[in-house]
There are 2 protein chains.
Amino acid sequence: MKEILPKFDSTFSIDCVVFGFDEGELKILLIERNEEPFKDWWALPGNIVGEVESLDQSASRILNELTGLSNIYMEQYYTFGDVNRHPQGRVVSIAYYALLRLGGDKAVKPISTYAKQAHWINVKDLPRLAFDHQQIFDKGLEKIKRRIKHQPIAFELLPEKFTLTQLQNVYEIILNKKLDKRNFRKKMLSFGVLRDLQEKQQGVSFRAATLYKFDKRKYAKLFEKEISF
Amino acid sequence: MKEILPKFDSTFSIDCVVFGFDEGELKILLIERNEEPFKDWWALPGNIVGEVESLDQSASRILNELTGLSNIYMEQYYTFGDVNRHPQGRVVSIAYYALLRLGGDKAVKPISTYAKQAHWINVKDLPRLAFDHQQIFDKGLEKIKRRIKHQPIAFELLPEKFTLTQLQNVYEIILNKKLDKRNFRKKMLSFGVLRDLQEKQQGVSFRAATLYKFDKRKYAKLFEKEISF
DNA sequence: GCAACATATGTACATTTAGCCTCTAATTTA
DNA sequence: TAAATTAGAGGCTAAATGTACATATGTTGC
């Protein structure tokens with residue numbers, strides 16, 4: 001009867017698909033690797049999990065090191081564990097997606113040395129990716145497409161104050177289909193979780209739109225009903 | 001610039017929440033542990049990932065060793081990686097749920113020595129579980145509750161030939177709410193993926209019900225439309 | 001002042017969902 | 001053997017939601 005865990009040489013890492021929404025485009029954050037294997041290749045941000053970190057803590061640290069940001073909305077969505085997915089040994093990767101509101105200065109200056117540079121790339125213009133990162137991306141995109149229909153994750157991609165047109169753009173880009181403005185607005189307002197701020201956009205040409213906020217508290221009360229967005 | 005992965009002592013395992021549907025009850029398969037830690041405790045089936053196995057292969061092997069069955073429907077749903085979740089060291093557990101059709105001989109005779117015995121337990125009557133297995137179970141149940149609304153996983157819990165009453169029972173048990181027989185039947189038949197076998201149940205009291213089969217091929221054609229069950 | 005642009009909204013109809021009871025067919029019981 | 005019991009099977013209606021569509025309003029720019 002064994003009381004010591006049988007082990008083989010292995011480790012586990014985090015890989016993140018970081019989505020940002022910027023000027024009507026859905027983008028992800030890619031890094032240019034500064035280390036072997038796949039040196040100079042584009043890859044998803046990621047790193048080995050810390051010895052005394054939980055998975056969530058590692059994921060947060062990894063993104064913080066890369067973007068300087070904290071309190072990023074992220075969810076674990078799949079674990080990739082094929083035997084030969086990493087050239088240097090058995091590495092199991094727990095994949096997260098993160099959703100970021102882009103605005104202001106979008107330049108990302110990586111703090112870590114493992115990334116030479118980082119860029120926001122339109123999801124429709126992805127280069128060839130290192131490792132199995134294309135698969136990791138594909139599954140992450142599929143997951144947010146599915147989840148956006150049933151949970152209010154779109155708001156994580158928008159500033160705290162947003163317009164209904166911006167919200168609709170997020171849905172259209174992610175669902176990859178045109179939505180009717182009248183029906184979209186009617187439906188979103190019917191949920192009763194958008195607060196009309198009685199403010200207008202500033203500094204835009206032509207008619208300024210009304211600004212709204214997503215009322216998380218109101219939504220939480222309705223949570224068990226799992227309404228469909 | 002390191003070219004060798006930094007590692008610490010760790011391993012990864014698989015834990016399975018195996019759901020079975022039996023006589024109007026949703027049950028899970030629990031094992032009584034035969035090894036420390038938590039010897040003699042009830043726990044979810046699980047084991048260490050094999051050195052040359054993918055995660056899916058490990059999960060299938062683990063269930064096959066326990067039940068003798070193969071081709072079990074299973075899905076990975078979450079990875080648990082808290083630092084101290086295992087008393088003997090850092091163990092990351094990739095959790096799967098499996099859905100089994102129970103019938104005939106339901107006795108489970110574990111082949112592996114790490115399980116003293118295995119039993120099907122009603123999900124409403126669970127004993128105290130080893131490790132963080134209560135959390136693993138809770139999240140698995142939540143996941144199948146959510147998924148059953150949008151994907152035809154209920155059929156994995158039924159025999160190949162089933163009645164609409166049996167199907168309704170599955171939905172009622174998992175969603176934990178009473179459904180109207182007339183509306184349920186109308187809706188399920190309206191999807192056009194249930195094939196009326198023109199056969200009746202045998203060996204039942206009173207009026208025998210019509211038997212149906214789930215037409216996976218027809219469903220696959222509709223897949224991208226993601227209809228709601 | 002008018003054209004252009006963007007926001008904002010209302011109406012009609014179709015589809016789905018919710019709520020409900022009675023008929024039919026079979027077995028069991030008196 | 002007929003009546004009672006049980007389970008399957010189905011139709012109708014109102015409410016809610018979804019779909020399709022065009023015009024009014026408010027602002028800037030020329």
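Note that the structure is predicted; figures quoted are calculated from it, not measured. Proteins get letters first, then strands, A, B, ... in listed order; numbering begins at 1 in each.
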| message | Can you list everything that forms a salt bridge (Lys or Arg N to Asp or Glu O under 4.0 Å) with B:R195? Sequence neighbours excluded, please. | response | none
| field | salt bridge (Lys or Arg N to Asp or Glu O under 4.0 Å) against B:K161, all qualifying residues, sequence neighbours excluded | value | B:E199
| request: Let me know the distance between CE of A:M188 and P of D:dG18, rounded to the nearest Å. | output: 10 Å
| field | Qualifying residues under side-chain hydrogen bond (donor to acceptor under 3.5 Å, both in side chains), relative to B:Y212, sequence neighbours excluded | value | none
| Pairwise salt bridge (Lys or Arg N to Asp or Glu O under 4.0 Å) hits with a residue in residues 162-180 of chain A, at least two apart | A:E172-A:K178, A:D180-A:R182
| By a strict heavy-atom criterion of less than 4.0 Å, which residues belonging to residues 158-166 of chain A are in contact with DNA chain D? | none
| Protein-nucleotide distance (A:L167, atom CG; C:dA8, atom C1'), rounded to Å | 15 Å
| message | Looking at D:dT17, I'd like to know if its phosphate oxygens (OP1 or OP2) sit under 4.0 Å from a side-chain N or O belonging to A:K187. | response | no
| said: Expressed as a whole number of angstroms, how long is the span from B:F184:CZ to D:dG10:P? | reply: 14 Å
| query | Could you go step by step and tell me if B:F19 and B:F21 meet the ring-ring contact (aromatic ring centres under 6.0 Å, His included) rule? | reply | CA-CA 7 Å; B:F19 291 97; B:F21 189 75; over 10 Å; no
| field | Bend angle of the helix from C:dG1-D:dC30 to C:dA30-D:dT1, end axes from five pairs each (to 10°) | value | 10°
| remark: 5' to 3', nucleotides 22-30 of chain C under a 4.0 Å protein heavy-atom cut-off (B base, S sugar-phosphate only, - none) gives --BB-BS--
| Which nucleotide in D:dG18, C:dT7, C:dC20 has an atom nearest any side-chain atom of A:A209 | C:dT7
| request: Could I get the full list of salt bridge (Lys or Arg N to Asp or Glu O under 4.0 Å) partners for A:K216, not counting sequence neighbours? | output: A:E156
| request: Mind calculating the distance between CD (B:Q168) and P (C:dA18) to the nearest angstrom? | output: 13 Å
| message | Quick check: A:Y219 with A:F191 (ring centres under 6.0 Å apart)? | response | no
| request: Could you tell me which residues satisfy side-chain hydrogen bond (donor to acceptor under 3.5 Å, both in side chains) with B:Q134, sequence neighbours excluded, listed by chain and number? | output: B:D138
| A:K139 to A:Y78, cation-pi by 6.0 Å centre distance and 45° axis angle | yes
| task | Mind calculating the distance between NZ (B:K149) and P (C:dT16) to the nearest angstrom? | result | 19 Å
| Which residue lies more 5' along DNA chain C, comparing A:D180 with A:Q201 via nearest heavy atoms | A:Q201
| message | Does either side chain, that of B:D82 or that of A:S54, offer a donor lying less than 3.5 Å from an acceptor on the other one? | response | no
| query | Tell me: CD of B:E199 to C1' of D:dG8, nearest whole Å? | reply | 17 Å
| request: Please test A:K116 against A:D40 for salt bridge (charged side-chain N to carboxylate O under 4.0 Å, His left out), starting from the C-alpha separation and ending with a verdict. | output: CA-CA 8 Å; A:K116 194 181 297 176; A:D40 302 330; 2.3 Å; yes
| query | Is any side-chain N or O of B:T210 closer than 4.0 Å to OP1 or OP2 of D:dA9? | reply | yes
Are there any protein N/O atoms within less than 3.5 Å of an N/O atom in nucleotides 12-16 of chain D, and if so, which ones and at what distance?
unit_1, atom_1, unit_2, atom_2, d
D:dC12, N4, B:K186, NZ, 2.9

| field | B:R147: side-chain hydrogen bond (donor to acceptor under 3.5 Å, both in side chains) partners, not counting sequence neighbours | value | B:Y97, B:Q151
| task | Please check the phosphate of D:dG10 (OP1 and OP2 only) for any side-chain N or O of B:K181 closer than 4.0 Å. | result | no
| remark: From CZ of A:R185 across to C1' of D:dT17 the rounded distance in Å is 19 Å
| said: Without decimals, in angstroms, what is the distance between B:L189 CG and D:dG10 P? | reply: 7 Å
| query | Out of curiosity, B:K186 NZ to B:L164 CG, how far, rounded to the nearest 0.5 Å? | reply | 14.0 Å
| field | A:E53: partners by side-chain hydrogen bond (donor to acceptor under 3.5 Å, both in side chains), with sequence neighbours left out | value | A:S58, A:R61
